[in-house]
Amino acid sequence: MASVTIRNLSKRFGKVEALKDVSLTIENGAFVALMGPSGCGKTTLLRLISGLERADSGTIQIGAQNVTRIAPEKRNIGLMFQSYALFPHMTVAENLNFPMRMRRDYDPSERSLRIDRALELVRLPDIGDRYPRQLSGGQQQRVAVARALIDEPNVLLLDEPLSNLDARLRDEMQIELVEMRRQVPITTILVTHDQTEGLTLADEIIVMREGRIEQAGAPRAVYSDPATPFVADFLGGANLVRVDAAPTAYNHWRARAPDGTGVPVPSPPDGRPGPAVLVLRQEHVRVIGAGQTADAIVPAEVAAVAYRGQSAQLSVRALGQRLRLVIPPSVRVEAGEAIRVGWSVADSRLIR
Ligand code: ATP
């Protein structure tokens, strides 16, 4: 196990600046998720850490060792990429033995001990003699995780490891990964474009945008206090309303929406009046029935309703734009209906 320290890392592919002066420290034993839209540089960063790609400038340190110019196989990193790519003509045990054999690591008895231990870790003992085709997709995935861990690497890199699985299996594997980490607290970096996956699995998320780190922090902190409209939108598709904010008496703030509606807002982080973005999470906006109150209440017209079993997704026209809400299915509204929606100021955020 080791920490990973990245300083001023840049990488260019022809005209594309895939990474721009990225610096970050990943603590020993941390589970970090690199998130962001397609093309933001997640995979490039992972490939640079693994050594599969060379940086143009900057340094990468694993533990106390500067590995920037060190070959991938000497970095002691476990890798698992999108397609788990087990060799179909080899049994599970042979698949696990392969990386050790290639590197001429360990004697045969030590190797077989490591294979048993790795399979136990992913809760698949006794399948060493099977071929990949005799395993389910989820089991194959777990064998691939076992293979990445076989050398007890310092760092485990996972690039979209669950993206080939169907939704149910993905949920199961997420729980497995959390469980596995409790047993082996290895420094792990996960690349995912799936917001829920990053928020569920990681101790820290790093949201990237166009080759840079936009925001990093604990999942809950980044989700509830996005630093920029980009992060607010990327993590869970918040409603973003362009407003003009001004202080009122008693240190309270109000803001005017594009349609002229005035609403109470929290104070902006920099304390300055003027244009800002009001962030309203879908789950924080409620339908306000007769006799109910909220800090902010505005008229709305229901545009569409989609019932989803445990919840319903509502799209309304309010504040001069479209707002999306997640509401309990017991709240019955119909398209075209005039309603009121509201939220508490403490749940909303004002950012620039
Ligand atoms: P995705 O989620 O789609 O995998 P990503 O965030 O992992 O995206 P990268 O694969 O790191 O993004 O790519 C970052 C940028 O660098 C993109 O514009 C991509 O087209 C470009 N790029 C990556 N690898 C190469 C390459 N080998 N040659 C040329 N351009 C590349």
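One-based numbering, in listed order, for ligands and for the atoms of each. FYI, side chains are in, hydrogens and waters are out, and symmetry mates aren't considered; it's all heavy atoms of this structure. These figures come from a predicted structure and were not determined experimentally.
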For atom 2 (O) of ligand 1, state which one of K11, K42, R12, K15 supplies the nearest heavy atom.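 Minimum heavy-atom distance to atom 2 (O) of ligand 1 goes to K42.
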Shortest heavy-atom approach to atom 15 (C) of ligand 1 - which of G14, G39, G41, P37: G39
If you draw a 6.0 Å radius around CZ in R111, do more than 12 non-hydrogen atoms from other residues or ligands fall strictly inside?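 Yes, the 6.0 Å shell around CZ holds more than 12 heavy atoms from other groups.
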Neighbour count >12 (heavy atoms, 6.0 Å) for atom CG, N251: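 At most 12 heavy atoms, drawn from other residues, nucleotides or ligands, come within 6.0 Å of this atom.
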Checking contacts here: is it the side chain or the backbone of V16 that comes within 4.0 Å of ligand 1, counting heavy atoms only? Could be both or neither. side chain
Which bit of H193 is near ligand 1, meaning a heavy atom under 4.0 Å away: side chain, backbone, both or neither? neither
Axial cation check for F13 ring with K11, 6.0 Å and 45° limits: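 Relative to the ring axis of F13, which defines the angle, K11 lies inside both limits.
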Please determine if R332 forms a cation-pi arrangement with Y307, meaning its NZ or CZ atom is less than 6.0 Å from the six-membered ring centre and no more than 45° off the ring axis.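 Flagged: R332 positioned over aromatic ring of Y307.
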May I ask you to decide whether E94 forms a salt bridge with R101, counting only side-chain N to carboxylate O separations under 4.0 Å?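 Result for this pair is no, no salt bridge flagged.
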In sequence, state the C-alpha distance, the side-chain angles, and the governing distance for V191 and L158, and then conclude on side-chain contact (heavy atoms from CB on, under 4.5 Å). CA-CA 6 Å; V191 160; L158 306 169; over 6 Å; no
For G36 and ligand 1, answer yes if some heavy atom of the residue is under 4.0 Å from a ligand atom, otherwise no. no
State the atoms of ligand 1, each with its element, that fall below the 4.0 Å cut-off from a heavy-atom position in [X].
{"X": "T43", "result": "4 (O), 5 (P), 7 (O), 10 (O), 11 (O)"}
{"X": "T44", "result": "9 (P), 11 (O), 13 (O), 14 (C)"}
{"X": "S38", "result": "1 (P), 2 (O), 3 (O), 8 (O)"}
{"X": "A18", "result": "14 (C), 15 (C), 16 (O)"}

Judging by distance only, is a nitrogen or oxygen of C40 under 3.5 angstrom from one on ligand 1?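 By distance alone, the answer is yes.
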On a heavy-atom basis, the closest approach of V345 and P266 is CG1-N, 3.5 Å
